[in-house]
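Just follow the structure's listing: the first ligand is 1, and inside any ligand the first atom is 1.
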Amino acid sequence: MRQSGAIIGKTLPFANIAFDGENFNADKDGNFVLGFDRDAGATANLTITAPDGRKLERTFDVARRSYRVTNVNGVPAATVNPPQSMRARIAAESARKQTAWSSLDENSRGFAQNFRWPLNVVRVTSSWGAVRRINGTLTRPHYGVDLGARTGTPVYAPASGKIVIAERNFFYEGGLVGIDHGQGLITLVMHLSRVNVVAGRTVEQGEKIGEVGATGRSTGPHLHWGMRWRGRQLDPSLMVRPLAKIE
Ligand SMILES: [Zn+2]
């Protein structure tokens, strides 16, 4: 267990899970996912209540991570401080994203897979969780892993799931695709030059979903890869390895 990471749990089918203020049920096979915030505390409490009322309580130690501070210059001022004329568009796009990020698809099972990187060649240009100083102003943490690649490089689904958003030209994200992998786990890629999927369809792990680009608020071609779990932002690169499992 570490800050910004996720773990897979296995318990009785449909058992109730109480964790970090969230309350939800394991799936029909007893699987569930827990996610730890970027700045999660040193310990986290989990309470599992079986359908017959029995309770199991566990406390996890959560390992700390350190996050980089990076300077980003050359971002056009118009996107740092969006003009008044853009506000309605940005608000509408924000509402669309909130709907997508609240998806809880019960048929998606990708969360249980070992994730793959969304690109075949991986070159990390900005790490997850870094605090950015854009044009001299400190902003919120960078909730994504930036991967350097040329425009047109194929982007693949890191795990199977259901497409919850597929947009070609959002103000901040440009080309944006989000995938619900089940149990509240959603990954997203942005700044795409091409989008090859539509919302509502399912994708298999490794299926092409788009191409790298520099659309939206981007200083050059790269892929921004993010992950969400029940409203929290997690580091998707931590999924590309066997996960800690609890039973
Ligand atoms: Zn990024």
Side-chain angles (χ1 to χ4, degrees), residues 3-6 35 37-39 65-82 86 90 93-94 96-98 100-101 115-159 163-179 181 185-195 209-229 231-240:
Q3 288 176 335
S4 74
D37 266 334
R38 177 185 186 272
D39 301 303
R65 289 183 73 182
S66 57
Y67 303 101
R68 197 174 300 166
V69 178
T70 49
N71 292 296
V72 180
N73 295 308
V75 177
T79 52
V80 173
N81 295 305
M86 287 293 174
I90 290 168
E93 292 175 358
S94 178
R96 300 266 298 279
K97 285 181 280 181
Q98 287 317 307
W101 306 153
F115 280 38
R116 56 156 289 165
W117 290 93
L119 302 182
N120 280 341
V121 177
V122 174
R123 183 170 60 89
V124 175
T125 55
S126 181
S127 59
W128 192 94
V131 177
R132 283 176 156 180
R133 202 177 280 116
I134 296 183
N135 295 347
T137 304
L138 213 57
T139 66
R140 69 178 200 143
H142 177 234
Y143 289 120
V145 181
D146 284 351
L147 303 175
R150 289 167 183 252
T151 293
T153 303
V155 177
Y156 304 101
I163 304 294
V164 291
I165 194 164
E167 292 292 337
R168 283 177 171 71
N169 189 29
F170 267 13
F171 182 78
Y172 289 110
E173 297 84 2
L176 168 69
V177 171
I179 306 173
H181 302 293
L185 202 63
I186 293 172
T187 58
L188 53 121
V189 288
M190 62 177 77
H191 308 311
L192 302 175
S193 60
R194 286 185 67 107
V195 172
I209 55 175
E211 295 178 5
V212 170
T215 55
R217 195 178 78 161
S218 172
T219 52
H222 74 282
L223 188 74
H224 172 109
W225 186 28
M227 184 165 77
R228 305 181 68 96
W229 179 78
R232 293 159 181 75
Q233 306 261 14
L234 306 184
D235 181 351
S237 69
L238 299 180
M239 300 295 286
V240 190

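- Shortest distance from the Zn ion (ligand 1) to H224 is reached at ND1 (N/O/S atoms only).
- Because the distance cut-off is set at 2.8 Å, H222 fails to qualify as a neighbour of the Zn ion (ligand 1), as none of its N, O or S atoms comes that close.
- Contact record, V189 with P118: CG1-CB, 4.4 Å, taken as the closest heavy-atom pair.
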Report the C-alpha separation of E173 and R217 in whole Å, then their side-chain angles, then the decisive distance to 0.1 Å, and conclude whether the salt bridge (Lys or Arg N to Asp or Glu O under 4.0 Å) test is met. CA-CA 6 Å; E173 297 84 2; R217 195 178 78 161; over 6 Å; no

Run the salt bridge (Lys or Arg N to Asp or Glu O under 4.0 Å) test on D235 and R65 for me, step by step, so that the C-alpha distance in whole Å, both residues' side-chain angles and the decisive distance to 0.1 Å come before the verdict. CA-CA 11 Å; D235 181 351; R65 289 183 73 182; 2.9 Å; yes

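- The Zn ion (ligand 1) has an N, O or S atom of H142 under 2.8 Å away, backbone or side chain.
- Take the N/O/S atoms of D146: the one nearest the Zn ion (ligand 1) is OD1.
- A perpendicular orientation is assigned to the rings of H224 and H191, their planes being inclined by more than 60° (bins at 30° and 60°).
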